[in-house]
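Basis for what follows: all heavy atoms, side chains included, without hydrogens, waters or symmetry-related copies.
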Amino acid sequence: MRIHPHQPDLTGRRNPRPGQPMDAEPRQRLIEHLKRHGPTSIRDLMRTLSLSENAVRHHLQALEREGYACRDSLVPPESAGRPAVLYALTEKAEHLFPKHYAELLALLLAEADAQAVLEPLLTSLVQRLAGQIEPHVRTLDPAPRLHATATHLKLGGNLSDLTVTPAGWELRAYNCPYLRAGQQFEAICDMVPRVITLATGLPAERPACQRDGHPACLLTIGR
């Protein structure tokens, strides 16, 4: 198992230039050991991974700073002395290991479509999402209400623009979080303007979409 190169350098040091050694193997072996065996003491990590105490502490401290490891519990010492500290991976560390959520979602959507339940399922999902958002935005003015809704839906983050137009607003999202699912089923893309309309009370449409090759998903919202 390899940690993907786009993951952060777990020592907190700068990533090496292309062609430079990364010296990631000890960190990777330590992470994989904690994943396989759960909470482990420094002494056991030293013995199992053939690392010095300083090396183990260095990597554990780096993992703690990054939020990937934590001190899990104490165990009584084998002889006189202080209890041993056990270290474990945090929930955040799950992001360091490959996942296949997109593939599972594609299968679920395909099966729902085959069973002719995709549209009612998405309608219920639209209503659920809008119901979660609406109580938090109902007292806001239209523009902040729209911005808060787009943020909740994770429509592009920093890669999105909200522009005022004579008719209302245009929202361009250059990093659609639903692109892969939308390429398979256009109804996924239609969910976004439907949620915005229900949550904000502002009419929203989707005249352009990344699924069709456009550089951004374009939503027009009326006043």
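- For L159, the side chain to side chain contact (heavy atoms under 4.5 Å, CB included) partners are Y174, N175, not counting sequence neighbours.
- Among residues at least two apart or in separate chains, salt bridge (charged side-chain N to carboxylate O under 4.0 Å, His left out) pairs with a member in residues 165-177 are E170-R172.
- In terms of heavy atoms, T40 sits closest to G38 at OG1-O, 2.7 Å.
- With rounding to the nearest 0.5 Å, the separation of CD1 in I42 from CG in L51 is 11.5 Å.
- L34 and F97 fall within a single hydrophobic cluster, where Ile, Leu, Val, Met, Phe, Trp and Tyr side chains are chained together by heavy-atom contacts under 4.5 Å.
- Among residue pairs with one or both ends in residues 111-129, those qualifying as side-chain hydrogen bond (donor to acceptor under 3.5 Å, both in side chains) are E111-Q115, E119-T123, E119-R194, T123-R194; sequence neighbours excluded.
- Looking at residues two or more places apart in sequence or on another chain, you find no salt bridge (Lys or Arg N to Asp or Glu O under 4.0 Å) involving R180.
- When all heavy atoms are compared, the tightest approach of V137 to A199 is CG2-O, 3.6 Å.
- What you find for L219 and I221 is that their closest heavy atoms are O-CD1, 3.7 Å.
- Rounding to the nearest 0.5 angstrom, the gap separating the CG atom in L179 from the SG atom in C217 is 7.0 Å.
- Atom NZ of K154 has 12 or fewer heavy atoms from other residues, nucleotides or ligands within 6.0 Å.
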Going through the distances and angles, do L96 and I31 end up as a side-chain contact (heavy atoms from CB on, under 4.5 Å)?
CA-CA 9 Å; L96 299 177; I31 290 170; 4.0 Å; yes
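- Remark: L30 CG to L63 CG distance equals 6.5 Å, nearest 0.5 Å.
- Contact detail for L155 and A173: the closest heavy-atom pair is O-CB, 3.9 Å.
- A salt bridge links E64 with R71: the closest approach of a Lys/Arg side-chain nitrogen to an acidic carboxylate oxygen falls below 4.0 angstrom.
- Among all heavy-atom pairs drawn from P135 and Q132, the shortest one is CD-O, 3.7 Å.
- Here OH of Y87 is found 6.0 Å from CZ of R57. Values are rounded to the nearest 0.5 Å.
- In this structure E94 satisfies the salt bridge (Lys or Arg N to Asp or Glu O under 4.0 Å) test together with K35, K99, sequence neighbours excluded.
- In terms of modelled atom types and a separation under 3.5 Å, the side chain of Q210 and the main chain of C176 share a donor-acceptor contact.
- Within the 3.5 Å criterion, the main-chain N or O of L49 finds a donor-acceptor partner in the side chain of R29.
- In terms of heavy-atom proximity, A204 sits nearest to T197 at N-OG1, 3.0 Å.
- Salt-bridge annotation for E32 and R36: absent, with no side-chain N of the basic residue lying under 4.0 Å from a carboxylate O of the acidic one.
- The environment of CD in E91 is sparse: at most 12 heavy-atom neighbours from other residues, nucleotides or ligands sit within 6.0 Å.
- Contact check for L153 versus I133: side-chain heavy atoms found under the 4.5 Å cut-off.
- Taking hydrophobic clusters as Ile, Leu, Val, Met, Phe, Trp and Tyr residues chained together by side-chain heavy-atom distances below 4.5 Å, M191 shares a cluster with L198.
- Note on L105: it does not cluster hydrophobically with Y101, by side-chain heavy-atom contacts below 4.5 Å among ILVMFWY residues.
- Both L118 and Y178 are part of a single hydrophobic cluster, where members link through side-chain heavy atoms under 4.5 Å apart.
- To the nearest 0.5 Å, the span separating NE2 on H33 from CG on L45 amounts to 5.0 Å.
- Looking at T90, its side chain does come within 3.5 Å of a backbone N or O of G67 through a donor-acceptor pair.
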Kindly indicate, with the supporting measurements, whether the criterion side-chain contact (heavy atoms from CB on, under 4.5 Å) is fulfilled by R206 and L218.
CA-CA 6 Å; R206 178 181 59 86; L218 172 62; over 6 Å; no
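- In this structure, S41 and V85 have side chains that are not in contact, with every pair of non-hydrogen atoms separated by 4.5 Å or more.
- From L129, atom CG reaches atom NE2 of H152 across 6.0 Å, with rounding to the nearest 0.5 Å.
- Between L146 and W169 the shortest side-chain heavy-atom distance falls below 4.5 Å.
- Note: the hydrophobic cluster containing I188 also contains L125 (ILVMFWY, side chain heavy atoms under 4.5 Å, direct or indirect links).
- Note on residues 209-223: pairs passing salt bridge (charged side-chain N to carboxylate O under 4.0 Å, His left out), not counting sequence neighbours, are E186-R211.
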